[in-house]
Amino acid sequence: MTVQQLQPREARHHSGAILRSRRFATQFEVDGHVLTLGVEPGVRGGLYYLPSTPTWDDGTPVPPAIAAGMQTVIEEVERFWGHWPEFRAVL
């Protein structure tokens, strides 16, 4: 796992994805496309709500290959920041 800190609460994963963490939302960005995910405070990290059929914020579908790796990227970046995220699916 290689994660590079870009700014406070913003990091680039070795896959090229960028994660920007805010208080109740996190932006997952790949190739200029952004997906904003709802996050609630958890015990050891954020509680992420992942959509079953994710779409970028502009309404276009997230490619299956990117969607399949999204949780792994978020976990690795959050662990880099010292957190242990939890995930829930949104149907």
Side-chain angles (χ1 to χ4, degrees):
M1 157 180 71
T2 303
V3 176
Q4 175 189 13
Q5 185 83 18
L6 299 176
Q7 295 181 32
R9 304 302 294 162
E10 179 176 308
R12 180 186 319 271
H13 185 262
H14 68 85
S15 66
I18 296 173
L19 217 62
R20 286 181 203 89
S21 180
R22 303 296 182 254
R23 186 169 175 93
F24 295 107
T26 292
Q27 289 183 325
F28 178 86
E29 180 180 332
V30 177
D31 297 331
H33 295 282
V34 176
L35 170 61
T36 303
L37 300 166
V39 182
E40 291 182 7
V43 175
R44 297 187 309 163
L47 174 57
Y48 283 82
Y49 292 93
L50 299 179
S52 58
T53 308
T55 57
W56 299 115
D57 288 355
D58 67 6
T60 59
V62 174
I66 293 173
M70 188 171 15
Q71 182 172 334
T72 300
V73 169
I74 293 168
E75 279 183 306
E76 290 180 3
V77 172
E78 285 284 349
R79 287 183 182 164
F80 171 79
W81 286 330
H83 303 127
W84 295 88
E86 296 179 55
F87 298 89
R88 300 290 186 271
V90 177
L91 303 176

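Cluster annotation: Tyr48 is not connected to Ile18 through the hydrophobic network of ILVMFWY side chains, with a link wherever side-chain heavy atoms come within less than 4.5 Å.
Here the closest heavy-atom approach between residue Leu35 and residue Thr55 is recorded as CD1-O, 2.9 Å. Listed here is the closest heavy atom pair of Ala67 and Val62: N-CG1, 3.8 Å. Residues Ala11 and Val77 come closest through the heavy atom pair CB-CG1, 4.0 Å. Closest heavy-atom contact between Ala17 and Val30: CB-CG2, 3.8 Å. For the residue pair Arg22 and Arg9, the shortest heavy atom distance occurs at NH1-O, 4.1 Å. The two atoms that bring Leu37 and Met70 nearest to each other are CD1-SD, 4.2 Å, heavy atoms only.
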Exercise. Starting from the C-alpha separation in whole Å, work towards a yes-or-no answer on side chain to side chain contact (heavy atoms under 4.5 Å, CB included) for His13 and Leu19.
Key: CA-CA 8 Å; His13 185 262; Leu19 217 62; over 6 Å; no
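Glu78 CD to Gln71 CD: the interatomic distance, rounded to the nearest 0.5 Å, is 12.0 Å. Going from atom CD of Glu10 over to atom CD of Gln4 covers 10.5 Å, rounded to the nearest 0.5 Å. The CD atom of Glu76 sits 9.0 Å away from the OG1 atom of Thr2 when rounded to the nearest 0.5 Å.
Looking at Pro8 and Trp81, their side chains never come closer than 4.5 Å, going by heavy atoms from C-beta outward. At least one side-chain heavy atom of Phe87 sits under 4.5 Å from a side-chain heavy atom of Ile74. Residues Ile66 and Phe28 meet the side-chain proximity criterion, which asks for heavy atoms closer than 4.5 Å.
Around the CG atom of Asp58, the shell of radius 6.0 Å holds more than 12 heavy atoms that belong to other residues, nucleotides or ligands.
Under a 3.5 Å cut-off, the side chain of His83 and the backbone N or O of Pro85 do not form any donor-acceptor pair.
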